[in-house]
Enquirer: 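This is the structure, below, for whatever I ask next.
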Amino acid sequence: QVQLVESGGGLVQPGGSLRLSCAASGRTFSIYRMGWFRQAPGKEREFVATITWTGGSTTYADSLKGRFTISRDNAKNTVYLQMNSLKPEDTAVYFCAARATSVRPVAVAASYDFWGQGTQVTVSS
């Protein structure tokens, strides 16, 4: 019903920046909010940030607030994640997610209906 495709991942030096994109297609009119999660090897999938599609209200993981910024372009059906001051601990597969209804909690993966395949972010010197 909704397809999500991430892009923009890659290898970056500590302290560097990356901008991830997530393009949505299909029944995009049904999307209420979109979010970013990440998963490192051997760890559970963790919440990064989320944004409502119409109002643009944002929520961030406490540990990432100030370094990461989520935004969206409704005309392009795209959500972005700007990542600054990257650290080796940020290395993970980053996933884009979407849901069609306004349901909390927003920071858990089970709250989302649709997922992208993920894009690898590696922070290393």
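Excluded from the calculations below are hydrogen atoms, water molecules and symmetry mates; all remaining heavy atoms, backbone and side chain alike, are included. All values derive from a computational prediction rather than experimental measurement.
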Enquirer: Other than Val103, what residues sit in its cluster of Ile, Leu, Val, Met, Phe, Trp and Tyr side chains whose heavy atoms are under 4.5 Å apart, directly or through others?
Expert: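 Once heavy-atom contacts under 4.5 Å are chained together, Val103 still belongs with nothing else.
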Enquirer: Would you check, one step at a time, whether the test side chain to side chain contact (heavy atoms under 4.5 Å, CB included) holds for Asp90 with Arg38?
Expert: CA-CA 9 Å; Asp90 296 319; Arg38 68 184 186 182; 2.9 Å; yes
Enquirer: How about Gln1 and Asp113: do any of their side-chain heavy atoms sit closer than 4.5 Å?
Expert: no
Enquirer: In this structure, would Trp53 and Phe114 fall into the same cluster of hydrophobic residues linked by side-chain contacts under 4.5 Å?
Expert: yes
Enquirer: Indicate yes or no: at least one non-hydrogen side-chain atom of Leu20 is less than 4.5 angstrom from one of Met83.
Expert: yes
Enquirer: Mind checking whether Ile70 and Tyr112 sit in one hydrophobic cluster, side chains of I, L, V, M, F, W, Y counted as touching below 4.5 Å?
Expert: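 No.
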Enquirer: How is the hydrophobic cluster of Tyr32 composed, in terms of its other members, when Ile, Leu, Val, Met, Phe, Trp and Tyr link through side-chain heavy atoms under 4.5 Å apart, directly or indirectly?
Expert: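 Members other than Tyr32 - counting any ILVMFWY side chain reachable under 4.5 Å - there are none.
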Enquirer: Please name the pair of heavy atoms, one in Leu18 and one in Gly8, separated by the smallest distance, quoted to 0.1 Å.
Expert: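 In this case the closest contact between Leu18 and Gly8 is CD2-O, 3.8 Å.
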Enquirer: Can you run down the disulfide (SG to SG under 2.5 Å) pairs that involve residues 43-81, sequence neighbours left out, and say none if there aren't any?
Expert: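 Not a single pair qualifies under disulfide (SG to SG under 2.5 Å).
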Enquirer: Taking all non-hydrogen atoms of both residues, which atom of Ala92 and which atom of Ala40 are closest, and how far apart?
Expert: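 Result for this residue pair: CB-N, 3.8 Å.
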Enquirer: Provide the full list of disulfide (SG to SG under 2.5 Å) pairs with a residue in residues 74-125, sequence neighbours left out, each pair given once.
Expert: Cys22-Cys96
Enquirer: Could you go through Phe68 and Leu86, starting from their C-alpha distance and side-chain angles, then the distance that decides it, and tell me whether this counts as side chain to side chain contact (heavy atoms under 4.5 Å, CB included)?
Expert: CA-CA 9 Å; Phe68 288 14; Leu86 285 164; 4.0 Å; yes
Enquirer: How far does OG1 of Thr101 sit from CZ of Arg33, to the nearest 0.5 angstrom?
Expert: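 One gets 10.0 Å once the value is rounded to the nearest 0.5 Å.
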Enquirer: Rounded at 0.5 Å granularity, tell me how far CZ in Phe29 sits from CG in Asn77.
Expert: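 Rounded to the nearest 0.5 Å, the CZ-CG separation comes out at 11.0 Å.
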Enquirer: Any chance you could lay out the side chain to side chain contact (heavy atoms under 4.5 Å, CB included) test for Ile51 and Trp36, step after step, and finish with the verdict?
Expert: CA-CA 9 Å; Ile51 187 169; Trp36 289 95; over 6 Å; no
Enquirer: Could you check whether any side-chain N or O of Ser57 sits under 3.5 Å from a backbone N or O of Gly55, counting only pairs where one atom can act as donor and the other as acceptor?
Expert: no
Enquirer: Closest heavy-atom contact between Ala109 and Trp115?
Expert: O-CZ2, 3.3 Å
Enquirer: Looking at residues at least two apart in the chain, or sitting in another chain, which of them share a ring pair (Phe, Tyr, Trp, His ring centres under 6.0 Å) with Tyr60?
Expert: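 Ring pair (Phe, Tyr, Trp, His ring centres under 6.0 Å) list for Tyr60, sorted by chain: empty.
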Enquirer: Considering all heavy atoms of both residues, which atom of Gly56 and which atom of Arg72 are nearest to each other, and what is their separation?
Expert: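 The pair with the smallest heavy-atom distance is N-NH2, 3.5 Å.
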Enquirer: Rounded to the nearest 0.5 Å, how far apart are CD1 of Ile31 and CG of Asn74?
Expert: 9.5 Å
Enquirer: Could you list all the ring-ring contact (aromatic ring centres under 6.0 Å, His included) pairs where at least one residue sits in residues 77-101, not counting sequence neighbours?
Expert: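 Every pair satisfying ring-ring contact (aromatic ring centres under 6.0 Å, His included) with a residue in residues 77-101: there are none.
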Enquirer: Report the distance from atom NZ of Lys65 to atom OG of Ser63, rounding to the nearest 0.5 Å.
Expert: 12.0 Å
Enquirer: Are Ser85 and Arg67 close enough that a side-chain donor and a side-chain acceptor fall under 3.5 Å?
Expert: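 Note: Ser85 and Arg67 side chains miss the donor-acceptor criterion.
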Enquirer: Could you report the tightest heavy-atom contact between Ser71 and Val79, atom names first, then the distance?
Expert: O-CG2, 3.0 Å
Enquirer: Within the distance-only criterion (no hydrogens, no angle test), does the side chain of Thr28 pair as donor or acceptor with the backbone N or O of Ser25 below 3.5 angstrom?
Expert: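 No; zero donor-acceptor contacts below 3.5 Å.
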Enquirer: Under the side chain to side chain contact (heavy atoms under 4.5 Å, CB included) rule, what do Val2 and Ser30 come out as? Steps first, then yes or no, please.
Expert: CA-CA 9 Å; Val2 174; Ser30 68; 4.0 Å; yes
Enquirer: If only atom types and distance count, is the side chain of Gln82 paired as donor or acceptor with the main-chain N or O of Arg19 below 3.5 Å?
Expert: no
Enquirer: Could you tell me the separation between the CD atom of Glu6 and the CG atom of Leu81, rounded to the nearest 0.5 Å?
Expert: 11.0 Å
Enquirer: Could you state the interatomic distance from CD (Gln120) to CG (Leu11), rounded to the nearest 0.5 Å?
Expert: 9.5 Å
